[in-house]
Amino acid sequence: MSAPTRPAATRPCLSVLDLGVHRFRSLRRSGGRTIGRSCRAAYGVLPDSPARRRLLEQVGLNFATTQPEDGGESELLLFGDAADEYAKLFGTPPLALLPDGKVPTDDPPARQIVAALIDSLLPDPVADEEPVKVIFPGGEPDREFLSRVIRLRGYEPEAIDPAEAFAAASMPATGFRGLALICGADRWELAAVLGGKVVARCVAEGGTTALDRRRAEDRAEVVYERDGETYLDVDACRRSREEFAGTLLAPQGEEETAIAELHAAALGELFAEAAGRFSREPSLRHIHKPLPVFCGGGAARIAGFAELAERELADAQFPLPLGPVTAVKPDDYLTARGALILAELDNSAAPADGTTAPLAAAA
C-alpha cells in the first residue's frame with residue numbers, strides 16, 4: 001500500500017522566507033495570526049571534547065558534530081543564535097553562513113547548517129508543493145541550491161523582489177510610489193518604485209558588512225581563534241555601529257566620525273551612479289510629482305541617516321524631483337511583511353480578464 005500524500009496545493013500562499021545575510025526570517029499566516037520565526041545566519045566551530053559537550057548540554061544548546069576531511073579530530077558546530085551568543089565564549093568567532101551574500105561552495109558544514117536552519121524556520125506544509133514566497137540572497141547558483149533545500153521541505157519556492165516587498169510594507173500611504181533606499185548587510189540598493197513595481201534600480205554590492213569590515217581593518221580589530229589563526233572582528237564593528245549614540249550629521253569622537261564618513265561615502269557613490277542610470281530610464285522621464293524617499297535596513301536605524309541621505313542626494317544633483325526622505329520605523333520583519341502582503345495579493349481573486357490587479361488598487 002502506498003503512503004498517503006497531501007493534496008496538491010490549492011490554498012493561498014501564506015508563507016514567506018526572508019534569507020538575509022545577517023538573519024533568516026519566516027512569516028506564516030495561520031488561524032488569523034501571523035507567526036514569525038528568526039535566527040542568526042551564523043555558525044561557530046569548536047574542538048570536540050567531553051567537557052565541551054557536557055557544558056553545551058547543560059545550557060541547553062543544540063549542536064552538531066563533524067569529522068574533518070583530513071581525518072583530524074571531530075568538531076562541534078554551534079549555529080543560529082547560539083553561535084552569535086556563545087561562540088566567543090569558547091574562543092572562536094561567529095562565522096557568516098552567507099559571506100558576501102553567497103552560499104559557500106567549499107564549506108560543506110555551512111551548507112548543511114543553512115539547510116537545517118531553513119528546515120527549522122518553515123513549518124510543515126499543509127499541501128504538497130505548497131508555495132512559499134522567498135527573498136533570495138546572492139546569484140543564480142545560490143538560488144538553485146536554496147530552492148532545492150526548500151523543495152525538500154515540501155514547498156515550492158517563488159522568488160520575490162526585495163525592493164517590491166519593502167515598498168509593499170512602507171509605501172501604502174503614497175500609492176506604492178517612491179524611491180526605496182535599502183541598506184542591507186550584503187548590498188545597498190536604490191530602487192524607483194511606481195505602482196508597487198520596480199522600474200529602475202542601482203545596486204552597490206558589499207553592503208553594511210563591507211563598511212564594518214573596512215572599519216575592522218582600519219582599527220586592526222581582530223579576534224584570535226585556536227592555533228593562532230586570526231580573524232577580523234567584524235562583529236565588534238557591527239556592534240559599534242548599532243550602538244551609535246549620536247547622529248550621523250554631528251558625530252561625536254573619532255569612532256562616530258569614522259562611521260559617519262564611511263556611510264556618507266557609500267551613499268555618495270550609490271547616488272552618483274544611480275543619478276546617471278535613472279536619468280536614462282524612459283519610464284522616469286516624465287516624473288513631475290516629487291518622489292518620496294523611504295530608507296530601510298540596518299544602517300537606516302542610526303540617528304541622522306535620513307538627513308545624511310538627503311544631503312548626499314542633493315550633492316549628487318539627483319535628476320528626479322524628490323519629496324521628503326524618511327527612515328522607516330525599525331521592524332525586524334519589515335521586508336518579510338511586505339512579501340506576505342504581496343503573497344496575499346497574488347492569491348486574491350483575479351479580475352475576470354485573468355490579469356493581476358495593480359497593487360495600489362488592491363490595497
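Residue indices begin at 1 and follow the sequence shown. What's counted below: heavy atoms across the whole structure, side chains too, no hydrogens, waters or symmetry copies.
Taking every heavy atom of both residues into account, Gly304 and Thr247 meet most closely at CA-OG1, 3.3 Å. Of all heavy-atom pairs between Ile302 and His263, the closest is CD1-NE2, 3.8 Å.
The ring-ring contact (aromatic ring centres under 6.0 Å, His included) analysis of residues 287-335, with sequence neighbours excluded, yields the pairs Phe278-Phe318. Under the side-chain hydrogen bond (donor to acceptor under 3.5 Å, both in side chains) criterion, the residue pairs touching residues 289-318 are Arg301-Asp332, with sequence neighbours excluded.
Between the Arg215 side chain and the Ile259 main chain, no donor and acceptor come within less than 3.5 Å of each other. Remark: side-chain polar atoms of Glu344 are not paired, donor with acceptor, to backbone N or O of Leu14 under 3.5 angstrom. Remark: the backbone N or O of Lys102 is not paired with any side-chain donor or acceptor of Asp142 at under 3.5 angstrom. When atom types are taken as modelled, the side chain of Ser120 and the backbone of Leu117 share a donor-acceptor pair closer than 3.5 angstrom. In this structure a side-chain-to-backbone donor-acceptor pair under 3.5 Å is missing from Thr335 to Ala165. Panel note: side chain Arg25, backbone Ser38; no donor-acceptor pair is recorded below 3.5 Å. Formation of a donor-acceptor pair under 3.5 Å by the Thr209 side chain with backbone atoms of Ala185 is found in this model.
Linking Ile, Leu, Val, Met, Phe, Trp and Tyr whenever their side-chain heavy atoms come within less than 4.5 Å leaves Leu322 and Ile182 in two separate clusters. Leu284 and Val203 end up in different hydrophobic clusters when Ile, Leu, Val, Met, Phe, Trp and Tyr side chains are linked at under 4.5 Å. Taking hydrophobic clusters as Ile, Leu, Val, Met, Phe, Trp and Tyr residues chained together by side-chain heavy-atom distances below 4.5 Å, Phe136 shares a cluster with Ile113.
To the nearest 0.5 Å, atom CG of residue Leu19 and atom CG of residue Leu121 are 8.0 Å apart. In this structure, OG on Ser15 lies 11.0 Å from CD1 on Ile150, to the nearest 0.5 angstrom. Separation of atoms CD (Glu130) and CG (Asp124) is listed at 10.0 Å; rounding is to 0.5 Å.
Side-chain contact between Val134 and Glu158 is absent, with no heavy atoms from C-beta onward closer than 4.5 Å.
Under 4.0 Å is where a charged nitrogen must lie from a carboxylate oxygen, and between Glu273 and Arg277 at least one such pair does.
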